[in-house]
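This report concerns only the one structure given below.
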Amino acid sequence: MSRWKELPAELHPHVRHLIVRLRKLKDRGELSTRQLAAKTGYSTKAWERYLNGRSLPPREAVEAIARITGDDPARLLVLREMAAERWAEGDRAAARTRHSTPAAPEHEPIEQQPYGRFLHAAIAVGAVALVLSVSTVILLAIQLTQARATAKNDRAGTAATESAAAPDPASVLPALYTCRPQRTDGHWYAGHSRTQETVVAYGQTGSEVIEAQCLLRRTGISPGDVDGIFGPLTQRAVKRLQTRERLTVDGVIGPHTWKALREAAQK
């Protein structure tokens, strides 16, 4: 098992989830970064950047590591697309910060300027730089706190599946969940959400997705792994249920589809 460096604290949970998954695949295949480079066509330094959170791996690299380790490339690509959205948001925020920082004025030799004007300019530039630095730190702290709170809420009521050597469990979504369907007042519940109306669609994650995956399994339609990720297998299973129940076939879980999941008989 590789001894991994701690990932940067500012990484979004979706990005962190992808990198932790890639690390596990590398460890499971007992591959060194040199072996990864030889088998995937991406250099050793590139894989070091990908696995340490300094660069986002391209789709082809993700497909390649899934292929050589025997993992499901479709599920891994869903994680990559979700991480790519958050990575792009971080790049845009960094670009806005760079563009908003005023360029330092070019001064004439100090001896040719009045001392008071030079002092005013220096104080103004220093104040702007200080405000921008403090604002950036506060924004990163708020985003990290919100991400941790969201991850903890999504995992409420589920068993911890991360090993002792894994990163902080508040920032990594578990791989699989347990389904315990029970019937109450004529409706089926799997213990992860009691919603009847929340709209759930492709690319979403969380307890409502876990609940829907469990109820799909109970009706005899497999959504793939119960992992809390609304990927292509879950979308296909939802469409099969909608077809069977004569609902609008759009692959999106709304109030009518929730009603069918809560009340459907097992096939």
Side-chain angles (χ1 to χ4, degrees), residues 12-18 20-21 24 71-72 74-76 78-79 81-83 85-86 145-163 166-245 247 250-267:
H12 190 277
H14 289 346
V15 180
R16 186 180 294 267
H17 190 188
L18 172 66
V20 170
R21 184 65 179 169
K24 287 183 177 180
D71 197 43
D72 179 13
R75 179 172 176 271
L76 205 57
V78 170
L79 295 179
E81 293 306 316
M82 294 166 60
E85 292 180 6
R86 300 302 182 182
T145 301
Q146 291 176 341
R148 287 179 180 273
T150 300
K152 286 182 179 179
N153 290 336
D154 288 345
R155 288 194 307 279
T158 64
T161 58
E162 297 298 328
S163 64
D168 181 2
S171 62
V172 182
L173 296 176
L176 298 176
Y177 296 84
T178 302
C179 297
R180 297 186 179 89
Q182 294 182 351
R183 193 170 187 179
T184 304
D185 297 330
H187 292 79
W188 287 94
Y189 299 92
H192 298 282
S193 173
R194 298 184 69 84
T195 184
Q196 301 279 356
E197 299 180 352
T198 302
V199 176
V200 186
Y202 184 87
Q204 290 184 233
T205 62
S207 56
E208 287 80 9
V209 179
I210 302 169
E211 180 78 3
Q213 290 173 330
C214 288
L215 295 179
L216 284 166
R217 278 196 170 185
R218 192 200 65 79
T219 64
I221 301 175
S222 174
D225 291 337
V226 179
D227 54 8
I229 299 173
F230 200 123
L233 295 180
T234 300
Q235 185 182 55
R236 184 168 59 190
V238 171
K239 289 182 178 180
R240 287 181 57 191
L241 175 73
Q242 291 171 335
T243 300
R244 193 175 76 185
E245 299 297 325
L247 301 173
D250 55 7
V252 176
I253 302 176
H256 296 297
T257 304
W258 276 119
K259 186 175 186 296
L261 286 169
R262 299 290 188 198
E263 299 178 358
Q266 188 171 5
K267 300 294 183 178

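- A distance of 8.0 Å separates NE2 of H14 from CD of E85, quoted to the nearest 0.5 Å.
- Looking at E263, its side chain never comes within 3.5 Å of a backbone N or O of A260 through a donor-acceptor pair.
- At a threshold of 4.5 Å between non-hydrogen side-chain atoms, the residues H17 and I229 count as touching.
- A salt bridge is absent between D250 and K239; no separation between the charged side-chain nitrogens and carboxylate oxygens falls under 4.0 Å.
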Review point. Are R21 and D71 close enough, and set up right, to give a side chain to side chain contact (heavy atoms under 4.5 Å, CB included), and what steps lead you there?
Key: CA-CA 10 Å; R21 184 65 179 169; D71 197 43; 3.0 Å; yes
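- Closest approach of S193 to S207, counting heavy atoms only: CB-O, 4.1 Å.
- Heavy atoms only, all atoms of each residue included: F230 and Y202 are closest at CD2-CA, 3.4 Å.
- Residues forming a side chain to side chain contact (heavy atoms under 4.5 Å, CB included) with P181 (at least two apart in sequence, or on another chain): C179, W188, R218.
- Remark: the backbone N or O of A212 is not paired with any side-chain donor or acceptor of R217 at under 3.5 angstrom.
- V200 pairs with exactly one of T257, T195, T205, V209 by the side-chain contact (heavy atoms from CB on, under 4.5 Å) rule, that one being V209.
- In this structure, the separation between CG on D227 and CD1 on I210 is 8.5 Å, given to the nearest 0.5 Å.
- A search for side chain to side chain contact (heavy atoms under 4.5 Å, CB included) contacts involving Q196 returns H187, Y189, R262, not counting sequence neighbours.
- Atom OG1 of T198 sits about 10.5 Å away from atom CD1 of I253, to the nearest 0.5 Å.
- Within the 3.5 Å criterion, the main-chain N or O of V226 finds no donor-acceptor partner in the side chain of Q213.
- At a threshold of 4.5 Å between non-hydrogen side-chain atoms, the residues Y177 and C214 do not count as touching.
- With rounding to the nearest 0.5 Å, the separation of CG in L233 from CG in L216 is 11.5 Å.
- Atom-to-atom distance recorded for T234:OG1 and I221:CD1 is 12.0 Å, nearest 0.5 angstrom.
- Closest heavy-atom contact between V15 and R86: CG2-CB, 4.2 Å.
- The line from CH2 of W258 to CD of E211 is 5.5 Å long, rounded to the nearest 0.5 Å.
- Q242 places a side-chain N or O within 3.5 Å of a backbone atom of V252 that can act as its donor or acceptor partner.
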